[in-house]
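Reckoned from all heavy atoms, side chains included, excluding hydrogens, waters and symmetry mates. Chain naming here is simple, since letters A, B, ... match the order of the sequence lines and numbering starts at 1 in each. Values in this document were obtained by computation on a predicted structure and should not be read as measured data.
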2 protein chains.
Amino acid sequence: MAHAQTVTHQAANYRSLNASVALAKTTPEDREFKGIVVPMPGAADCLQRIGRTVQIDRGQTVVTAGDTNTQVFKVQDGVLRVVRILPDGRRHIAKFLNAGDFFGLSDATECDSNVEAITPCTLTRYQRRDFDNLINADAAAGAQLLRLVFRQLDLNNRLLLSLGRKTASERLASFLLSFVPRNAATGRETTIDLPMCRSDIADHLGLTIETVSRLITKFRQRRWINLIDSQTVRILSLEALEELAAD
Amino acid sequence: MAHAQTVTHQAANYRSLNASVALAKTTPEDREFKGIVVPMPGAADCLQRIGRTVQIDRGQTVVTAGDTNTQVFKVQDGVLRVVRILPDGRRHIAKFLNAGDFFGLSDATECDSNVEAITPCTLTRYQRRDFDNLINADAAAGAQLLRLVFRQLDLNNRLLLSLGRKTASERLASFLLSFVPRNAATGRETTIDLPMCRSDIADHLGLTIETVSRLITKFRQRRWINLIDSQTVRILSLEALEELAAD
DNA sequence: CGCTGAATTGAGATGTGTCAATGGAGGTGG
DNA sequence: CCACCTCCATTGACACATCTCAATTCAGCG
C-alpha cells in the first residue's frame, strides 16, 4: 500500500512529461490497429494526437478501483497487473498487461480493479471522451477494437477453466507455457522471463505463494525447468509442461 | 451425449421454420441495440432481415467446439450453457446465456466451446459475414456491441475472482445473488428460478455436485433460503447471502 | 555487515473431492 | 393405476490436495 499513489495525483508530472512526446515504440498490435484505422483519413493521426505518453514507476498504482472512469491507457512498454481485492484482503489478479494491451476501456462509470505497474512502464493515455468519439466515428477502428476484446475474452475463458477445473500443477504449467513464444520449436529449450513475483503468480492462479514455490521446486526436480534466477526460467521440456497443462 | 445433435444437422428444419417468421419477442437489449442502429438508415431493418429465428430443443448442442465459426446467434428466449471440456472429461461452464445475449461473436476461425441448450430456446441466427458487414459499416452498432462485450468481460472477471479466491459457500452465495433482480428490496423475500441442474452449477463454480448440494442444505438449515423445488429457491435473507458473497 | 523483502522448505490442519449408498420425482409400459 | 426405471439430488464416511503457520535461506542494497 506504500506504493499506492494514483495517477490523478501526478497530473503535474504528466503535463511536463507529455509536452510533445511522440510515441516511442511501435508494437505489432499498434501497426495493426493503425493499419485498420488509416482508411479513414486522419483517424490514425487522431489516435496518436489525442494520446499522451506517461512514465510509471515500478509499484505505482495507475488506476484505483472506484475511480471515475475517464481515461483509457495503452501499454507501450512494461508489465502491469489488474487487481481485485475482497474486503478481507484476499487478492486476485485477473490479468497481466503487456505492450499492446489497452486498459480502462470498459464503459462502466467506475473502475472495478486496480491497475499497478510491476515494472517501470511507458503508457499512452487517452481521454475517454476522445477515445469514444473515435470509436463512434470510425467503424473500422471499433471493429478492430472488438477483435482485441474478443481475444481478451478468450484468454479470460482459458483462465476460468484453469481456476475452475485444473490442479495447481496444471495451472502453473499453463501459466509458464503462456510465456513461450508461439513459434518455439517443440524439442528445443526456451528461456522465459517472469516479470512478476511469486505472490503475483499465486494471486493470478488462485494459489498461495508456498504452493507456487513448491511446484517450481517439483518441476525443477523432474528436470522440466531450471531457474536462472527466481524470475528467469529455462524450460527444459516443453512436452512435459504441455502434457501437464492438458489442453 | 444422446442429445448432442448439432444445428447443422437440422438445416432442413430451420428452413421450414424460418420462412418469413418475424422476431417473436423483443428484449430490452434488443430495443437498445436497434435504437442505436437506427441512425444509419435501414441498419435496424438490416439486422432483422439478415437474421433467422430457430427453435432449439432442451439438451441440444447448438455449437460444437472445433466447428468453423460462420454463424452468430442471439438468444431470444431460453437458457444455454457455454461449455469447455478437458481431454480427460473435466468440464467447465464459462457462462449461462440468457435472452439478449449473443454468442459465436468471437472472430476466431474455430469455436472454442460447446453451446448447449438447457431449456428449449428461441434463437436468432445470423451469417457471420452479414454480421461483420454490419459492424464494419455502422460505427454505432459496433460501439453498442463493444458495450455488451465489456459487460461480459466484467462478469467474467467477477467469476475469476470467485473461482480464484472465494470459498465454496461464497461462490454459491454470489451465484444465487446473480439471479436476484437488481431492484429487489433488501428486506424482502425473493423467489428465483435456477434453470440449470446441480452439475451445471457445480461445473460453473468449479465445485462438485455433492459440495453444491451440501451447501444448499447448509443454507437451508441456517434459514437463508428455502427450496420450493430443486430448481426454485426462495431467498429468505438477502443480507446473509450478500454478507457471505463478500463483495 | 546487517537489514529487508522475497523465496523456499517443513509440519500439521482443513476444505473440498471421491466413492458409495439412499431418496425422490417424473416418465413409461403393462 | 401400479411397478419399474432412470435421472437427479441428497447424505455419509473417508482421502487428499492445498492452505496455514512457522522457520530458514537467499538476494539485493545501503
Side-chain angles (χ1 to χ4, degrees), chain A residues 1-3 58-59 81 86 88-92 118-119 162-173 175-176 193-222 225-233 244 246, chain B residues 1-4 57-59 81 86 88-92 116 118-119 162-173 175-176 193-221 225-233 244 246:
Chain A
M1 287 297 164
H3 291 291
R58 174 194 155 95
R81 58 181 174 236
L86 290 174
D88 66 357
R90 280 174 289 175
R91 197 178 78 135
H92 184 249
I118 287 179
T119 68
S162 273
L163 298 190
R165 282 292 175 238
K166 288 190 186 174
T167 67
S169 305
E170 291 166 344
R171 288 181 215 178
L172 184 63
F175 180 72
L176 292 177
D193 177 70
L194 306 175
M196 68 293 291
C197 65
R198 297 287 182 270
S199 73
D200 285 343
I201 299 176
D203 285 344
H204 183 55
L205 299 179
L207 304 169
T208 58
I209 306 179
E210 296 92 328
T211 300
V212 171
S213 191
R214 273 187 261 268
L215 290 175
I216 288 177
T217 303
K218 188 178 101 182
F219 285 12
R220 226 168 11 156
Q221 287 167 345
R222 307 211 170 159
I225 65 171
N226 226 338
L227 287 195
I228 311 299
D229 63 63
S230 72
Q231 314 250 98
T232 314
V233 180
L244 188 58
Chain B
M1 286 298 162
H3 292 291
D57 293 339
R58 173 193 155 93
R81 58 181 174 236
L86 289 174
D88 66 358
R90 279 175 289 176
R91 195 178 80 136
H92 184 249
E116 302 161 4
I118 288 178
T119 68
S162 274
L163 298 190
R165 283 293 175 237
K166 288 190 187 174
T167 67
S169 305
E170 292 166 344
R171 290 181 213 178
L172 184 64
F175 181 71
L176 292 177
D193 175 70
L194 306 176
M196 69 292 290
C197 65
R198 296 287 182 267
S199 73
D200 285 342
I201 299 176
D203 286 343
H204 183 55
L205 299 179
L207 303 170
T208 58
I209 305 179
E210 294 92 329
T211 300
V212 170
S213 191
R214 272 187 262 268
L215 289 174
I216 287 177
T217 303
K218 188 178 100 183
F219 286 11
R220 227 170 6 161
Q221 286 167 347
I225 64 171
N226 226 337
L227 288 195
I228 311 299
D229 63 64
S230 71
Q231 315 249 101
T232 314
V233 180
L244 188 58

Candidate pair A:Val233 and A:Leu227, rule side chain to side chain contact (heavy atoms under 4.5 Å, CB included), full reasoning: CA-CA 5 Å; A:Val233 180; A:Leu227 287 195; 3.8 Å; yes
Below the 4.0 Å mark, does D:dT10 have OP1 or OP2 next to a side-chain nitrogen or oxygen of B:Thr217? no
B:Leu172 CG to C:dT16 P: how many Å, rounded? 11 Å
Just the rounded figure in Å: distance from P of D:dT18 to CZ of A:Arg165. 13 Å
Which is it for A:Lys166 and B:Leu86 under the side chain to side chain contact (heavy atoms under 4.5 Å, CB included) test, yes or no, and what are the steps along the way? CA-CA 9 Å; A:Lys166 288 190 186 174; B:Leu86 289 174; 4.1 Å; yes
Respond yes when some side-chain nitrogen or oxygen of A:Ser230 is under 4.0 Å from OP1 or OP2 of C:dA6, and no when none is. no
Rounded to the nearest 0.5 angstrom, the CD1-OG1 distance for B:Ile225 and B:Thr217 is 8.5 Å
In whole angstroms, how far is the P atom of C:dT16 from the CG atom of B:Leu163? 13 Å
Check step by step if side chain to side chain contact (heavy atoms under 4.5 Å, CB included) holds for B:Asp203 and A:Arg165. CA-CA 8 Å; B:Asp203 286 343; A:Arg165 282 292 175 238; 2.7 Å; yes
For B:Ile201 and C:dT16, give me the distance from atom CD1 to atom P, rounded to whole Å. 16 Å
Have a look at B:Leu227 and say if it touches a base, only the backbone sugar-phosphate, or nothing, with a 4.0 Å heavy-atom cut-off. sugar-phosphate
Closest to side chain of A:Glu210, choosing from D:dA22, C:dT16, D:dT18: D:dA22
Looking only at N and O atoms, is any donor in the side chain of A:Arg198 or the base of C:dG5 less than 3.5 Å from an acceptor on the other one? no
Under 3.5 Å, is there any donor-acceptor pair linking the side chain of B:Gln231 to the base of D:dC8? no
Between atom CG in B:Asp203 and atom P in C:dG17, what is the gap in whole Å? 11 Å
For B:Ile209 and C:dG23, what is the distance between atoms CD1 and P respectively, to the nearest whole Å? 19 Å
If you pin A:Asp229 and B:Ser213 to their nearest nucleotides in DNA chain D, which one's is more 5'? B:Ser213
Just compare C:dT9, D:dA9, C:dA7 and give me whichever is closest to any side-chain atom of A:Cys197. C:dA7
Side chain to side chain contact (heavy atoms under 4.5 Å, CB included), that's the test. Do A:Leu205 and A:Glu170 meet it? Break it down for me. CA-CA 10 Å; A:Leu205 299 179; A:Glu170 291 166 344; over 6 Å; no
Can you check whether A:Thr167 has a side-chain N or O nearer than 4.0 Å to OP1 or OP2 of D:dA17? no
To the nearest angstrom, how far is B:Asp88 atom CG from C:dT18 atom P? 11 Å
Find the distance B:Leu215:CG to D:dG12:P and express it as a whole number of Å. 14 Å
Side-chain N or O of A:Thr211 less than 4.0 angstrom from OP1 or OP2 on D:dT18? no
Any donor-acceptor pair, under 3.5 Å, between the side chain of A:Arg214 and the base of C:dG10, if you only look at N and O atoms? yes
